[in-house]
Amino acid sequence: MDRVVVIGGPTASGKSGLAVDIAEAFGGAVINADSMQLYHPLDVLTARPEAEDLARAPHRLYGVLPGSERGSAARWRTMALAEIAEARGQGRLPVVVGGTGLYLRSLMEGLCEVPIVSEEIREMARARHAAQGGEAFRADLVARDPASERLNPGDTARLLRAWGVLEATGRPLTDWQSTAPDGPPPGMRFVVCVIDPPRAALYARCDKRFTLMLERGAMDEVRALEALGLDPELPVMKALGVPELRRCLRGEWTLEQAAVKAQQSTRNYAKRQVTWFRHQLLDKPAHGCHAVSSLYSATLRDAILPSLEQSLRD
RNA sequence: GGCGCGGUGGCAGAGUGGUGAUGCAGCGGACUGCAAAUCCGUGUACGUGGGUUCGAUUCCCGCCCGUGCCU
């Protein structure tokens with residue numbers, strides 16, 4: 001049994017539900033591939049599976065990192081590979097599910113060997129960028145690494161990364177990236193399933209879900225998070241709804257306003273994910289992809305599981 | 001009824017006698033180690049009918065609608 005199920009799709013599309021259904025049906029273990037569900041303090045706000053689902057199948061990599069840390073694709077990949085190995089050791093089918101496409105792809109295709117950039121250097125990059133601005137920062141970078149020409153002056157994240165790698169290794173990032181990625185882990189075959197629901201329905205579910213999160217204590221979670229006094233630049237602090245609810249706590253926005261804003265960012269995020277999955281996964285049929293064109297709910301289970309079972313057998 | 005003010009793309013909101021800001025949303029796209037991040041692209045909009053003008057969203061008149069004050 002060398003199969004690994006991989007489920008992707010936009011937020012609120014029903015991925016987690018599909019994952020448990022599959023895990024339950026085929027004796028599997030659900031492994032999280034969502035960058036935010038990895039962190040510890042946020043449970044409701046990050047839409048982690050609830051007790052009922054947790055009881056139906058083992059769930060791994062949920063809430064395993066403290067919010068004070070920063071995850072990364074490579075870090076997740078290492079953890080995921082370990083969990084996959086463990087599930088297999090127990091005779092379970094690994095079901096990897098999450099909305100972080102980059103993570104999913106890093107698992108399936110591997111990453112290029114790029115040395116780790118120290119926090120000191122990253123900090124230097126940030127300071128330098130802040131001091132000279134995007135244009136100048138980019139100009140300096142391009143002078144040393146012509147290939148980074150393709151980066152937009154406003155694309156701070158990538159600019160910082162490119163600069164950091166160059167500074168840390170003396171070699172341009174594009175250089176490192178031109179070497180082939182380490183490829184799929186040996187002995188692993190992926191059965192990919194992507195949910196790509198109609199836009200209107202997806203947005204409606206995003207909105208509804210946030211309202212539900214508030215009813216289930218999202219505000220208390222943010223209060224607890226706030227009490228930790230974390231650096232607002234940390235990934236957890238940027239989870240959807242956190243910035244908005246924090247402003248509410250500070251009295252800058254009413255709960256109503258915060259909710260509207262958070263719902264908006266959720267929809268924007270869902271849109272980005274749809275684009276990512278369509279072009280980075282669905283259009284690249286290297287992995288046989290099952291596309292589900294509607295929001296997933298238990299009623300679709302019998303329509304989807306049989307074809308998946310077929311793929312697992314092939 | 002009188003006087004004033006205003007009617008700009010889905011919304012907010014500048015502005016100009018001739019090349020129609022901008023923001024948000026929407027839509028499309030990018031994406032190799034902070035990715036729920038970071039970014040890019042995208043609109044035959046000037047209430048209506050006349051007039052002035054080489055040319056009106058911009059100037060003038062009527063009308064409609066909204067708004068404030070007065071009666």
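Because the structure is a prediction, the values reported are computed rather than measured.
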Query raised in the report: When you measure from the side chain of A:Gln264, which nucleotide among B:G26, B:G33, B:A37 comes out closest?
Result: B:G26
Query - Sugar-phosphate, base or nothing in reach of A:Thr100, heavy atoms under 4.0 Å - result: sugar-phosphate
Report task. May I have the distance from A:Leu104 (atom CG) to B:A36 (atom P), rounded to whole angstrom? Result -> 11 Å
Report task. For residues A:Pro153 and A:Arg138, determine if any side-chain heavy atom of one lies less than 4.5 Å from a side-chain heavy atom of the other. Result -> yes
Query raised in the report: Same hydrophobic cluster for A:Leu282 and A:Val96, using side-chain heavy-atom links shorter than 4.5 Å among ILVMFWY?
Result: yes
Query raised in the report: In whole Å, what separates the P atom of B:G6 from that of B:C61?
Result: 14 Å
Requested in this report: Identify whether any heavy atom of A:Gly99 sits under 4.0 Å from a base atom; if not, whether one sits that close to sugar-phosphate; answer base, sugar-phosphate or nothing.
Outcome: sugar-phosphate
Query raised in the report: When you match A:Gln37 and A:Lys271 each to their closest nucleotide on RNA chain B, which lands nearer the 5' end?
Result: A:Lys271
Query raised in the report: Can you find a side chain N or O atom of A:Arg158 that sits less than 4.0 Å from OP1 or OP2 on B:U32?
Result: yes
Report task. Under 4.0 Å between any heavy atoms, over every strand shown, what does A:Tyr203 touch: base, sugar-phosphate, or nothing? Just pick one. Result -> sugar-phosphate
Requested in this report: Can you figure out which of B:G28, B:A36, B:G26 approaches the side chain of A:Arg267 most closely?
Outcome: B:G26
Report task. Between B:A30, B:G33, B:A37, spot the one nearest the side chain of A:Arg272, thanks. Result -> B:A37
Requested in this report: State yes or no: do A:Val20 and A:Ile31 share one hydrophobic cluster built from I, L, V, M, F, W and Y residues joined by side-chain heavy-atom distances below 4.5 Å, directly or via other members?
Outcome: no
Query raised in the report: Which part of the nucleic acid does A:Leu45 contact within heavy-atom distance under 4.0 Å: base, sugar-phosphate only, or nothing?
Result: base
Query raised in the report: Going by heavy atoms in the side chains, are A:Ile22 and A:Ile7 under 4.5 Å from each other?
Result: yes
Report summary line: By nearest-heavy-atom nucleotide on RNA chain B, the more 5' of A:Pro115 and A:Ala239 is A:Pro115
**Report entry** Inter-nucleotide C1' distance (B:A14, B:U57), Å rounded
**Finding:** 13 Å
Report task. Answer with base, sugar-phosphate or nothing: what part of the nucleic acid does A:Thr46 contact at a heavy-atom distance below 4.0 Å? Result -> base
Query raised in the report: So, is A:Asn152 close to the B:A30 phosphate, meaning a side-chain N or O under 4.0 Å from OP1 or OP2?
Result: no
Report task. For B:C59 versus B:C54, give the span between their C1' atoms, rounded off to a whole number of Å. Result -> 16 Å
Query raised in the report: Linking I/L/V/M/F/W/Y whenever their side-chain heavy atoms sit closer than 4.5 Å, directly or via other members, would A:Val165 and A:Ile121 fall into one cluster?
Result: yes
Query raised in the report: Is the backbone N or O of A:Arg75 less than 3.5 Å from a side-chain atom of A:Ser72, with the two atoms forming a donor-acceptor pair by type?
Result: yes
**Report entry** A:Glu167 CD to B:G33 C1', straight-line distance once rounded to whole Å
**Finding:** 18 Å
Query raised in the report: How far, in whole Å, is B:A37 from B:A25 if one measures between their P atoms?
Result: 13 Å
Requested in this report: Send over the distance from A:His129 NE2 to B:U38 C1', rounded to a whole Å.
Outcome: 11 Å
Report summary line: note: A:Asp155, atom CG; B:A35, atom C1'; distance rounded to Å ~ 12 Å
Report task. Take the angle between the ring planes of A:Trp76 and A:Tyr103 and call it parallel below 30°, perpendicular above 60°, tilted in between. Result -> parallel
Report task. Using the P atom as the reference point in each nucleotide, state the distance between B:U16 and B:A21 in Å, no decimals. Result -> 13 Å
Requested in this report: Classify the side chain of A:Ser35 versus the base of B:A37 as yes if they form a donor-acceptor pair under 3.5 Å and no if they do not.
Outcome: no
Query - Between B:C34 (P) and A:Glu69 (CD): distance, integer Å - result: 14 Å
Query - Crowding at CD, A:Glu256 (>12 non-hydrogen neighbours, <6.0 Å) - result: no
Query raised in the report: Any side-chain N or O of A:His279 less than 4.0 Å from the OP1 or OP2 oxygen of B:C31?
Result: no
Report task. Would you mind classifying the nucleic acid contact of A:Leu234 as base, sugar-phosphate or nothing, using non-hydrogen atoms under 4.0 angstrom? Result -> nothing
Report summary line: A:Ala157 has its side chain closest, among B:A36, B:U38, B:G33, to B:U38
**Report entry** A:Arg48 versus A:Ser16, side-chain donor and acceptor atoms under 3.5 Å
**Finding:** no
Report task. Please check if the side chain of A:Thr100 supplies one atom and the backbone of A:Ser35 the other of a donor-acceptor pair under 3.5 Å. Result -> yes
Query raised in the report: Can you tell me how far C1' in B:U67 sits from the matching atom in B:G47, rounded to whole Å?
Result: 15 Å
Query - Value rounded to 0.5 Å, distance of CD in A:Glu83 from CZ in A:Arg88 - result: 13.0 Å
Query raised in the report: Contact class for A:Arg199 (heavy atom, under 4.0 Å): base, sugar-phosphate, or nothing?
Result: sugar-phosphate
Query raised in the report: Looking at the side chain of A:Glu113, which of B:G33, B:A36, B:C34 is the nearest nucleotide?
Result: B:G33
Report task. Could you check which of B:A35, B:G29, B:C34 has an atom nearest any side-chain atom of A:Thr275? Result -> B:G29
Report task. Tell me the stems RNA chain B sits in, counting at least three consecutive Watson-Crick or G-U wobble pairs, each under 3.5 Å on both distances. Result -> B:1-7 with B:64-70, B:10-12 with B:22-24, B:26-30 with B:38-42, B:47-51 with B:59-63
Query raised in the report: Could you state the CG-C1' distance from A:Leu102 to B:A36, rounded to the nearest angstrom?
Result: 13 Å
**Report entry** Distance in angstrom units between A:Met36 CE and B:A37 C1', rounded
**Finding:** 7 Å
Report task. Provide the distance between the two C1' atoms, one in B:A45 and one in B:U58, to the nearest whole Å. Result -> 14 Å
Query raised in the report: What integer number of Å spans the P atoms of B:G15 and B:U8?
Result: 14 Å
Report task. Kindly point out which of B:C31, B:A37, B:C34 is positioned nearest to the side chain of A:Arg126? Result -> B:C34
Query raised in the report: Where the side chain of A:Arg122 is concerned, which of B:C34, B:A35, B:G26 is the nearest nucleotide?
Result: B:C34
Query raised in the report: Counting just side-chain N and O atoms, does A:Gln280 come under 4.0 Å of either OP1 or OP2 of B:U32?
Result: no
Query - Separation of atom CZ in A:Arg161 from atom C1' in B:C39, rounded to whole Å - result: 17 Å
Query raised in the report: Would you say a side-chain N or O of A:Tyr269 is under 4.0 Å from OP1 or OP2 of B:A37?
Result: no
Requested in this report: Indicate, with a heavy-atom threshold strictly under 4.0 Å, whether A:Asn268 touches base, sugar-phosphate, or nothing.
Outcome: sugar-phosphate
